[in-house]
Structures are given as structure tokens and as C-alpha cells.
There are 2 protein chains.
Amino acid sequence: MEGLTTAESPQTAGKEPALTDLDDRHHLIVPPEPRQRPRQQRAHETKAKILKAAARSFSIDGYAATSMNDIVAEAASTKGAVYFHFDSKETIARELINHWLTALGGIRQSTAESAIPAIEKLAAFFNGSAALIADDALARAGLRLTTEAGLDTAPPAFREWVELVSRLVDTAIADGQLPASAAQRLAANLCAGFIGAVQVIQVLGDPGDFTSRIDDLVNAYLISDT
Amino acid sequence: MEGLTTAESPQTAGKEPALTDLDDRHHLIVPPEPRQRPRQQRAHETKAKILKAAARSFSIDGYAATSMNDIVAEAASTKGAVYFHFDSKETIARELINHWLTALGGIRQSTAESAIPAIEKLAAFFNGSAALIADDALARAGLRLTTEAGLDTAPPAFREWVELVSRLVDTAIADGQLPASAAQRLAANLCAGFIGAVQVIQVLGDPGDFTSRIDDLVNAYLISDT
């Protein structure tokens, strides 16, 4: 996953451009707090704001139609601040994809640790993924970006997701709860079905139904494969 | 489906700008054919060329990032010729969506007429749709456009597709081959799964596998629902 790490522009690494918003100048006229808000935390908040803005722009206009200037405007930030954190929109896209994959990894981890049969872990993993997509705009953008034809990191990200699911399928096979046939195909079919459900929700704007659609999807494939 | 018909700019309706390409001037130096290629056919060919170019541009760059100028350039045509046929890129998108829906209607028609059980008609319809998507770039673009968040005609087009599938599901229910429960949901799940499979193929670039993925999809939902 080397290709999916965040790169920082070397010229500006380590320094964030001074913010000039009211909130910041406030520190000059009020008594200083016992410990001043550290620079690192401020940088973290700015970065989060940029990622949220990019997620919105990518979701509404699509990846190709969104420029760094669009993201600067959507974040109500400055070019300097955005380029301090991300040297290109590809870098932002990679960060969003990473966020999605990391969250998926967390769901898989907690699913793996739960004391339920392996085949129920598979269902729990997709239920958890559905909840993530419903709640987390950054993860939603990350998933959407993994189906961008023009983004080099999309295919490896999709494969990593299928790989994650494959490991849950393999456990269910090892436990005798799924037949050994078509293991990799089952994982890929489930991920593709998940993507389709998200796409349809985006078109029809009906997020309330999403979780039950994912239930249908997982049930359909698990029933037909057992 | 009134919203999905092609509009022509009223100023230019009925006239197509003269073409100046070599193929056309050819007529001046070779003996005229018994019947000269009619103007209508030339207009038809130009229109097809523009639709193909738009389908390519929409597929590679996405709908939002593609301008009419991009389509003019991709078609190696003139602004006048493109605007003679289509007054906006929305109009081109509607035409591509219409092409997809019309082709689906044809597949449904021939499926409905075949002498196989209703549930097999449902499978045949999706197999036919998979073959269409694999072979026909315009239909592929039309399907992709039905998941464009920024396109007003996308949601009604998706609903029309689900409606078409619902009628096949209803027939299978009437024939006692599927239970009456969740009929509309089955149709929507199948369409969403189809979209997901197409998306994944676009990312991973593996069209050879597409038909078998659609088989898996239809089998999974039909087995779990019967």
C-alpha cells in the first residue's frame, strides 16, 4: 500500500501558513489559556476541513471535474493552507481512499474478535460497512473514488477491499460454513454489489433503505453459496 | 418518458451545416451514384459519430468534466454540426440514456416472447443486458449516466429500468415461480447489482468476466428468493 500514503510538499513540510481567522486573533485579546491550543492540533483541524470539502466536491461534481481551486473554495480555506497539507488532488483522493480502507480494517478487526460463527462475521462486516457509509462522508467519498477510472490508486484499493473480505470468506470455508468453491469470486461479488447499492442510493437519494439493501445482498450471496 | 426525448435547437432545425471533409467532396470528382447519398443519411451518420464521441468522453472523464467543446474535439466535428443535433450536453446524455432504455426494452420484448419459464426469462433478460453492455459503448454510457448525481433524467431512467425488471418479476410471481414478497425490492437489487458489476469492471478493466458475474448475481438473488 506504499502508493496510498500521503505525500507532503517538501518545501512546506513542517510549517503551516499562519491562519488569520477571527478565532485565531481571539488569542491576542483574551487571557491565554493554561495551555495554548497547540499548532499541531490546529493543523489537524485544517486538514480535516479540507478533506471534508474535497469529499463534498468529489461527490457532487465527480473527481475529474473537481480542481484544487474548487476544493480551496469549498473548504473556505486558502491555497497556501490546502497545498501545505496536500500537493495535489490525487493526494487528497488517496487520503480519502486510505480513510475508507482503514475504517474497513477496523470493522474487520472488531468483527474478527466477536464470538459469532464465521459466516455471521461476514454479514456483520458488511452491516458495519453499510453503517460506516451511511454515517461517514469521508468514507463514502473514499469508496466512490475506488471506482474512478482515471485514478491509479483505485484498482489496488478495490483489490485490497476484496482481499479483506476474502479473508473472512476463507475463515468461513475453514470452519466448514461455506464451500471452498468460488471464494475469491464471492468476495468480489459482495464488494461489487455493495458498490451498486451505494450508487443507486446516490441516484435515488434514499439512504434510509441502504442497510436493508446490504442485508438483502449478503443474504442472497450467502444463501446461494451455502 | 417525455423528459427523455431529444430536443433540437429551433433556429437550425431541419438543416445540417455543410460538411467539408474529404469523403464528402469525393462526390464532386467521381461519377454520381445512381441515387446520391441522401442528406438525411449523412445527418444520421454525423449524429452517430457525435454520440460515440460523447460516450467516450463521458466514460473517460465523467459527465461533469466533459464540455460540449470536448465532445466537438473528440468527434473531430464542428461546433455547428454538434449544435445542429444537440443543444446541450444534457440533451446528448438524455439520448444516450434513451438508447440504453430502448435497447433494454428490446431485450425484454424478445425475452417475453421466448417459450421459457418466467424465472428463466428474468435470467435471460439480465444475460442479454450483460451482452449489450459488453458490446455497445453507447448503451454502456447510457447506463453509466443513470448513476450521475448531477443529471435530472438519471433517477427516472433508473426507475424505468427497475419497472421493466419488475414486470418480469411479476410474471414469475403470477406463474408461482417466485414468492410474492419483496417483488419491487428484488428488481431494484438486481439492477443495483448489475450497476456494481459494471463499475467494478470499469475499475479493474476485466470485461471478459462480466457475463459470469451477472450469472452469479441473478443466481444469488433468484436462489435466495425461491
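Applying the salt bridge (charged side-chain N to carboxylate O under 4.0 Å, His left out) test to pairs two or more places apart or on separate chains, those with a residue in residues 53-79 of chain A are A:R56-A:E74.
Partner B:Q199 forms a side chain to side chain contact (heavy atoms under 4.5 Å, CB included) with one of A:T146, A:V198, A:I195 and no other, that one being A:I195. The side chain to side chain contact (heavy atoms under 4.5 Å, CB included) test with B:N189 singles out one residue from A:D216, A:V200, A:L217, and that residue is A:D216.
More than 12 non-hydrogen atoms from other residues, nucleotides or ligands lie less than 6.0 angstrom from NZ of A:K49. Annotation for A:D215: atom CG counts as buried by contact number, over 12 foreign heavy atoms lying within 6.0 Å.
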Kindly list each side-chain donor-acceptor pair under 3.5 angstrom involving residues 99-106 of chain A, sequence neighbours excluded, with atom names and distances?
from   : atom 1 : to     : atom 2 : distance (Å)
A:H99  : NE2    : A:D136 : OD2    : 2.8
A:T102 : OG1    : A:N98  : O      : 2.6

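Comparing A:A65, A:G62, A:A220 by heavy-atom pairs within less than 4.5 Å of chain B, the highest count is held by A:A220.
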